[in-house]
Amino acid sequence: QVQLVESGGGFVQPGGSLRLSCSASGIIYYIGDMGWYRQAPGKQRELVAAIARAGSPNYADSVKGRFTISRDNAKNTVNLQMNSLKPEDTAVYYCSAHRILTLEESDGYWGQGPKVTVSS
């Protein structure tokens with residue numbers, strides 16, 4: 001199994017910045033896509049940003065131009081730099097990772113979901 005450990009959540013005023021980090025450990029065969037999802041109270045979980053092993057990041061329209069996702073394949077780590085934060089960014093942020101077992105089999109994992117609060 002794989003464990004995803006996140007760090008970097010907290011409180012920030014509008015316009016501020018936070019950086020989230022997520023590291024995978026455990027029985028790792030091959031980590032493919034990694035990303036960040038968020039879930040606000042009473043809302044469905046939504047994709048914030050994702051990145052393939054070779055790059056090619058993509059973002060939700062609501063965060064494009066403000067958030068940057070990056071990864072370090074050697075360390076099995078994915079990061080999310082969040083700038084120009086808005087109150088509507090307030091949510092629990094979940095790291096996600098896909099583990100590739102074989103050409104036909106894979107599984108996925110979620111981080112523990114630190115909370116990000118953006119408020120004046």
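Side-chain atoms are counted along with the backbone in the values below, which use heavy atoms only and exclude waters and symmetry mates.
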| field | salt bridge (charged side-chain N to carboxylate O under 4.0 Å, His left out) against Arg99, all qualifying residues, sequence neighbours excluded | value | Asp107
Without placing hydrogens or testing angles, list every side-chain donor-acceptor pair under 3.5 Å for residues 113-120, not counting sequence neighbours.
none

| field | Minimum heavy-atom distance Leu18-Gly10, with the two atoms named | value | CD1-O, 4.0 Å
| field | With Ser7 via side chain to side chain donor-acceptor pair (under 3.5 Å) - residues at least two apart | value | none
| Pairs meeting criterion salt bridge (Lys or Arg N to Asp or Glu O under 4.0 Å) with involvement of residues 2-23, two or more places apart | none
| Close side-chain approach of Thr68 to Leu80, heavy-atom, < 4.5 Å | no
| query | Under a 4.5 Å side-chain heavy-atom rule over Ile, Leu, Val, Met, Phe, Trp and Tyr, are Val12 and Phe67 clustered together? | reply | yes
| said: Tell me every residue that passes salt bridge (charged side-chain N to carboxylate O under 4.0 Å, His left out) with Arg66, counting only those two or more places apart in sequence or in another chain. | reply: Asp89
Side-chain atoms of residues 23-37: list all donor-acceptor pairs with protein atoms under 3.5 Å, sequence neighbours left out, distances to 0.1 Å.
{"residue": "Ser23", "atom": "OG", "partner": "Thr77", "partner atom": "OG1", "Å": "3.1"}
{"residue": "Tyr30", "atom": "OH", "partner": "Arg53", "partner atom": "NE", "Å": "3.2"}

| Mind checking what makes side chain to side chain contact (heavy atoms under 4.5 Å, CB included) contact with Glu88, not counting sequence neighbours? | Lys86
| task | Keeping to residues at least two apart or across chains, list the disulfide (SG to SG under 2.5 Å) pairs with something in residues 26-87. | result | none
| task | Mind listing the closest non-hydrogen atom pair of Cys22 and Leu4 along with its distance? | result | SG-CB, 3.8 Å
| said: Leu47 vs Asn58, test: side chain to side chain contact (heavy atoms under 4.5 Å, CB included). Steps then yes/no. | reply: CA-CA 10 Å; Leu47 175 68; Asn58 60 87; 4.0 Å; yes
| Any link between Val2 and Leu20 through a network of hydrophobic side chains (Ile, Leu, Val, Met, Phe, Trp, Tyr) touching at under 4.5 Å? | yes
| Arg38 CZ to Arg45 CZ distance, which is reported to the nearest 0.5 Å | 13.0 Å
| task | Please list, chain by chain and in numerical order, all residues satisfying side chain to side chain contact (heavy atoms under 4.5 Å, CB included) with Gln1, sequence neighbours excluded. | result | Gln3, Tyr109
| task | Evaluate the side-chain proximity of Gln39 to Tyr94: yes if any heavy-atom separation is below 4.5 Å, no if none is. | result | yes
| query | Who are the side chain to side chain donor-acceptor pair (under 3.5 Å) partners of Ser17, not counting sequence neighbours? | reply | Asn83
| request: Identify, with sequence neighbours excluded, every residue that meets side chain to side chain donor-acceptor pair (under 3.5 Å) alongside Ser21. | output: Asn79
| said: The criterion is salt bridge (charged side-chain N to carboxylate O under 4.0 Å, His left out); which residues satisfy it with Lys75, sequence neighbours excluded? | reply: none
| Straight-line distance of Thr102 OG1 to Ile100 CD1, nearest 0.5 Å | 8.5 Å
